[in-house]
Undergrad: 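Dropping the structure in here first, questions after.
As the structure is a prediction and not an experimental result, all values here were calculated from the model. Quick note on labels: first sequence line is chain A, next is B, and so on, each numbered from 1.
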Amino acid sequence: MVSVSEPPSELGLSDDQLLDILYKMMLARATGQRERMLNRMGKAPFAVSGEGHEATQVGTAYALLPGKDWVVPYYRDIGVALVVGQTVRDLMLEFLARGENVSSGGRNMPSHFSDPKLRIVSGSAPVGTQILHAVGTAFASKLRGLDEVSMVWFGDGATSEGDCHEGMNFAGVHKLPVVFVCEHNQYAISVHWTKQMAVENVAVRAEGYGFPGVTVDGNDVLAVYRAAREAVDRARRGEGPTFIEAKTYRLVPHTSDDDDRRYRPREEVEEWSKKDPIRRFQAYLEEHGLLDAKTRDKLAKKAAEEVDAATDYAEKAPPPDPETALRHVFKEEEGE
Amino acid sequence: MVSVSEPPSELGLSDDQLLDILYKMMLARATGQRERMLNRMGKAPFAVSGEGHEATQVGTAYALLPGKDWVVPYYRDIGVALVVGQTVRDLMLEFLARGENVSSGGRNMPSHFSDPKLRIVSGSAPVGTQILHAVGTAFASKLRGLDEVSMVWFGDGATSEGDCHEGMNFAGVHKLPVVFVCEHNQYAISVHWTKQMAVENVAVRAEGYGFPGVTVDGNDVLAVYRAAREAVDRARRGEGPTFIEAKTYRLVPHTSDDDDRRYRPREEVEEWSKKDPIRRFQAYLEEHGLLDAKTRDKLAKKAAEEVDAATDYAEKAPPPDPETALRHVFKEEEGE
Amino acid sequence: MAEKTMLEAVHDAMFDEMKRDPRVLVMGEDVGGGGVFRATQGLSEEFGPDRCIDTPLAESAIVGVAIGASLNGIIPVAEIQFADFIHPAMDQIVSEAARMRYRSNGGWGCPITIRAPYGGGIHGGPYHSQSVEAIYGHVPGLKVVCVATPYDAKGLLKSAIRDPDPVIFLEHKRAYRLYRQDVPEDDYTVPIGVAEVKRKGKDITLVTYGMMLHHSLQAAETVQAEDGVSVEVIDLRTISPLDKQTFLKSVEKTGKALVVYEDNLTGGFGAEVAAIIAQEGFEFLDGPVTRIASPDVPISPYASVLEEFVLPNPEKIAKAIRELAAY
Amino acid sequence: MAEKTMLEAVHDAMFDEMKRDPRVLVMGEDVGGGGVFRATQGLSEEFGPDRCIDTPLAESAIVGVAIGASLNGIIPVAEIQFADFIHPAMDQIVSEAARMRYRSNGGWGCPITIRAPYGGGIHGGPYHSQSVEAIYGHVPGLKVVCVATPYDAKGLLKSAIRDPDPVIFLEHKRAYRLYRQDVPEDDYTVPIGVAEVKRKGKDITLVTYGMMLHHSLQAAETVQAEDGVSVEVIDLRTISPLDKQTFLKSVEKTGKALVVYEDNLTGGFGAEVAAIIAQEGFEFLDGPVTRIASPDVPISPYASVLEEFVLPNPEKIAKAIRELAAY
Ligand SMILES: Cc1ncc(C[n+]2csc(CCOP(=O)(O)OP(=O)(O)O)c2C)c(N)n1
Ligand SMILES: Cc1ncc(C[n+]2csc(CCOP(=O)(O)OP(=O)(O)O)c2C)c(N)n1
Ligand SMILES: [Mg+2]
Ligand SMILES: [Mg+2]
């Protein structure tokens, strides 16, 4: 596994950017936690968050040019959505299925991010289908001679789907500017990765499609960022796809419908809590003199306030008008 | 590429078996040729044959125990069907869609082999679906503790389908006794393999599923046999799947509906005609003193006679009774 | 006899069949740990992980491998976690499972059962709410069951597992824990392809299945009480093979037919029921063959207000009954 | 104006649209070399291999990549080589293309066209003969066209390519070279969602589409000549959105409806047409809404005698017309 030990300066990130990365991770965590809390309070029927995946999500998305590059996330990617420009308010409006929400106007389940102006492609629930969409946006970029990059995120379980194979193969044949990010959290709901694949590192499959695959420590945000950066640069240079496997862990159940005590030993969860990517990055920044307790608390407070404000706003926002259920099946005439 | 140069005795095949292998190759060729001729004469609307693939088909199938092992061919596999026990008469009855034909009673297109007593699994036309069926028969063998092996054949184009990936992954995870045989003839109809995959040897993909992949000269019947033999032995020992990529070439158009002059330079076809697997094996046997012109002619004559007799029989056999079109949608009660 | 939910009944049918026949096994995503709905709870512990198999996340493989295994002496009960995720397996189901017997002229059979929880009304949004029965009810070679009650679920799932041909077994998610019903512990089966009159009536024949059975029964009570309209409610239970005699006989008596289904109106399976009545029951009809279903939008949008707007419910059904009764 | 086959008309529509709009491209298996039916003949030469793209053999990828490309300024015309091979792409079509706009509340659109040659009567056996329109006609968010004549093919394919939403464009294989018809060289379109009365009549309304249009027209001539029965033949052309006004108006006039389709009877799209007539046209009806379709077996078995036994043809249709006329 690639892991980062060198000083942050080597990565070309400014101190502000490093703190911004930390903040986005904290914000993603706080948002996910709040959503799960609201769910437990009975304010929303469903919640799914990426707690534990923050390094992977923020580290990869941070390598993109927001608004220019194509973002094709899956349901766990609160961190991705925040990095490329969605606000917590956007997410809370979506979470509470308010009419105003930009992702879907209350039609899709929570965490099915969509935002045309940010080039976040609307996602569905069937696992893995979005991989082909990212290959498609990248294909269009190439055909149109645009130096955009497409990035797509999915889980370890998703690698078993036919669409994952077809997408990687298509991307390899056409040498497309697409980065595949596998957030390998070792489980597909209750199914351990050893029942999903017979290889230690699924990134080795990339070779069979004619492009590089790398395995990184998905809880090390700078290692992830470096791998993503290289992949994005490579793609932008026209050298084709890269597959990034980020080994991580979700610290919470699969969704609000799941009880992970059935299948994950508490010791394992404990073990991984110690590797918490946020605490780890904080320690790293402290070590390099870029963060102190005061700043950390300030950031935490800021994140909490942002989440509070967004929650307040969203709770007050009205649900969609029932009749809107009939709209947008097909394109509407102007003025309709 | 693995290629065989050692004397035949090293392979554990008797002289009789070597001649039988040659005969099966010649018979497959003669059958395919006859079918194409009958098609041109207007006696059948469709023909698809494996001319050029005989070494790959006969060499792989020869490693199986007929009636015990599971045979999951695709539409090009006349050679496979003959090796595991179908007769030319069976094939001709199928080709002419006679009611008596064991494969389908005139329901499936020609060369969609099926024979329950020989454990040849009925195939469809959608490319690659049968790969999962072979994984399924192998799964059952393993669950039931039976030392059967399943072998499945498909083209280079089929490797692009999701089912191919899902099948190989499933087989890898469960370490199943299945052998994947890719008859890599470099084209999927008109599409050259370089538009199908971005790797020189598709066998490298096996590694990503946790089992070995080998690339062999698919026009060298003994090289193919050796690879298949090893794979079958491995599978039978419970050591899991093997992927065999046999590089070969079809010497004729894709099917009777195809005009390959549109997409294949004549020189390329010429070049490969020189590598004809049958002539090559004949030369090899002659070199090792196992074949002379007389025996060769005798075998050719025997094949021609077998094909003649089968054609005669099949031409006289009646078409299916129209009303049978309504039967066997579901299992019929005894005596129905 | 114990009171069971439909979910428990589904579980029990698998348990019993696995006990009865060592060839039966269960396979699918997360089934080893009991499944996301807990339908396979305890099967792995009782019968071992080799008979309750966690597969990779790949629906085409689940069905395709089940097909192959079924050719070699196994009787697989394949679970698709949500019916919404059955589409990647479409080709294996339609091209392969459904045609194995036909294309081999009876040579091969494919005795698999594919279970899939389906239907809306559970805040599942457009990817955990779909009805898929119309797609498969149209495919020759498949049997399609849509269960809605505990008793029927157990008896029909046993029939499905024992059936020599592929059965798509659809369990309405909202009916899973809706209520308890006496379900015999003893072995019994409910035959595939037989509808049941779940409520007798004389003014209108209401043909339905799945969750809409419960909504329809409720609507029938309401109109009986409030309007004195007597509705005969027929639960198809199986949509393929379709038991048309039962509803045609009823229409002969009532002269009026209302078909209620949760799926989108256009091209839903209720269209077939209505078409049969319009052709074979034409002489009995005293009014238009009426359909109540969801409008033609993805079923269903997530927000409660949207979902309620879209799905048929007892009020919408009662309204349709009144209108038809007044015709 | 030149006489063209339907196949040529399909080709010309793509050619013209690629010329007119640089965003339009064609992708699929073997399309670069002209395609197995030659529908894309010469497009690669004219517009370059980047606008006529040979894809890997993977239908889900063909559709899924087309979807993604359509989000980024491309207007893909994706070819599925035979409609029988569309099933592996089912999930991408139903879960993704059809719902992209709805689930994003109008934020994203998916302007793709998926062309697929379909239908039987060409000795194609059960895997080169299927009708798939019922599956897709049932899915909200998809438009579904079934063409059967050269003029309509060109005009409708242009409309499909220009449509901002996904269109499943089904071309009946047996109609490809059936006959020639005057097809304007000029730009013209035929609107999606509008049926056409292809033959005027007063005794019976016959609703059909695809190859059955031709068989129906022939049957109508026969019964006119032999029995003096006057049949109005309506070609739906588009099955979704469905132009029900055209056939309801006709039934109002004739009082009798015959629905003819090639697909399996049960759950075929004709069931929807019959159901609409039975509900909305009930007051006009003087006889049972009658359906003629293939029996419920895989369409179609390969041997000629079997195929002929299964598929509807002019004789079977004429027989049904006579029976309905005599009702
Ligand atoms: C095609 C499909 N099958 C099944 C499901 C149900 N399901 C939702 S998430 C999930 C597990 C996904 O695991 P993974 O890809 O590892 O992502 P993770 O949730 O672990 O981040 C499953 C099986 C689905 N959404 N889509
Ligand atoms: C799912 C599917 N898509 C398309 C086709 C049409 N088709 C038939 S054979 C073929 C090419 C197959 O190529 P390959 O797998 O290399 O086998 P080969 O014919 O070369 O032996 C295609 C595209 C099909 N049969 N099934
Ligand atoms: Mg995971
Ligand atoms: Mg090939």
Undergrad: For A/N108, which atoms come within 4.5 Å of any heavy atom of chain C: side chain, backbone, both, or neither?
TA: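 For A/N108, backbone and side chain are both near chain C.
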Undergrad: Among C/H123, C/R38, C/Q81, C/E308, who wins on heavy-atom pairs under 4.5 Å with chain A?
TA: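 Ranked by contacts with chain A, first place is C/R38.
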Undergrad: Can you establish whether the number of heavy atoms outside C/R23 located under 6.0 Å from its atom CZ is more than 12?
TA: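 Check fails, neighbour count at 12 or below.
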Undergrad: Identify which of A/G105, A/A158, A/P126 forms the greatest number of heavy-atom pairs closer than 4.5 Å to chain C.
TA: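 Top option by heavy-atom pairs under 4.5 Å: A/P126.
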Undergrad: Counting heavy-atom pairs under 4.5 Å with chain A, which one of C/P126, C/G125, C/G32 comes out on top?
TA: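 Among C/P126, C/G125, C/G32, the one with the most close pairs to chain A is C/P126.
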Undergrad: Report the C-alpha separation of C/H128 and C/F85 in whole Å, then their side-chain angles, then the decisive distance to 0.1 Å, and conclude whether the ring pair (Phe, Tyr, Trp, His ring centres under 6.0 Å) test is met.
TA: CA-CA 9 Å; C/H128 298 83; C/F85 307 137; 5.4 Å; yes
Undergrad: Here's a test for you: under side-chain contact (heavy atoms from CB on, under 4.5 Å), which of C/I112, C/I75, C/T113, C/V65 qualifies with C/S70?
TA: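 So the option named by the test is C/I112.
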Undergrad: If you define the side chain from C-beta out and look only at heavy atoms, does anything of C/L170 sit under 4.5 Å from C/V144?
TA: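 Sidechains of C/V144 and C/L170: in contact.
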Undergrad: Measure distances from C/V297 to the heavy atoms of chain A and classify the residue's part below 4.5 Å as side chain, backbone, both or neither.
TA: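 Both parts, backbone and side chain.
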Undergrad: Among C/P88, C/S60, C/G124, single out the residue with the greatest number of heavy-atom pairs under 4.5 Å to chain A.
TA: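 Option with the top pair count is C/G124.
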Undergrad: Checking A/D321 against chain C: side chain, backbone, both or neither under 4.5 Å from a heavy atom?
TA: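 Looking at A/D321, just its backbone touches chain C.
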Undergrad: Quick one: are the ring centres of A/H112 and C/Y302 less than 6.0 Å apart?
TA: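 Not under 6.0 Å, so no.
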Undergrad: Can you tell me which of A/S124, A/A44, A/A188 forms the most heavy-atom pairs within a distance under 4.5 Å of chain C?
TA: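 Sorted descending by pairs with chain C, the first entry is A/S124.
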Undergrad: Would you please indicate yes or no on a ring centroid separation below 6.0 angstrom for C/F82 and C/F37?
TA: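 When the ring centroids of C/F37 and C/F82 are compared, they turn out to be within the sub-6.0 Å range.
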Undergrad: Could you check whether atom CZ of A/R266 has more than 12 heavy atoms from other residues, nucleotides or ligands sitting under 6.0 Å from it?
TA: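 It does: A/R266 CZ has more than 12 such atoms within range.
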Undergrad: Most heavy-atom pairs under 4.5 angstrom with chain C, which of A/P319, A/G162, A/G128, A/A125?
TA: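 Of the options given, most contacts go to A/A125.
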Undergrad: I need the residue from A/G157, A/G155, A/P45, A/S104 with the largest number of non-hydrogen atom pairs under 4.5 Å to chain C.
TA: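 Ranked by contacts with chain C, first place is A/P45.
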Undergrad: For A/S256 and A/A47, indicate whether the former's side chain and the latter's backbone hold a donor-acceptor pair under 3.5 Å.
TA: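 Indeed, once roles are kept as given, a pair shorter than 3.5 Å links the two residues.
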Undergrad: Is C/K319 salt-bridged to C/E323, cutoff N-O under 4.0 Å?
TA: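 Here C/K319 pairs with C/E323 in a salt bridge, since their nearest N and O are under 4.0 Å apart.
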Undergrad: Name the region of A/Y263, side chain, backbone, both or neither, that has any atom closer than 4.5 Å to a heavy atom of chain C.
TA: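 Neither part.
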Undergrad: With only heavy atoms counted, which part of A/V191 is less than 4.5 Å from chain C, the side chain, the backbone, both or neither?
TA: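 Interface part for A/V191: both.
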Undergrad: Name the option with the most non-hydrogen atom pairs under 4.5 Å to chain A; the candidates are C/D54, C/I122, C/D296, C/D84.
TA: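 Maximum pair count with chain A is reached by C/D54.
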Undergrad: Out of A/S190, A/G99, A/A97, which one racks up the most heavy-atom pairs below 4.5 Å with chain C?
TA: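 Ranked by contacts with chain C, first place is A/S190.
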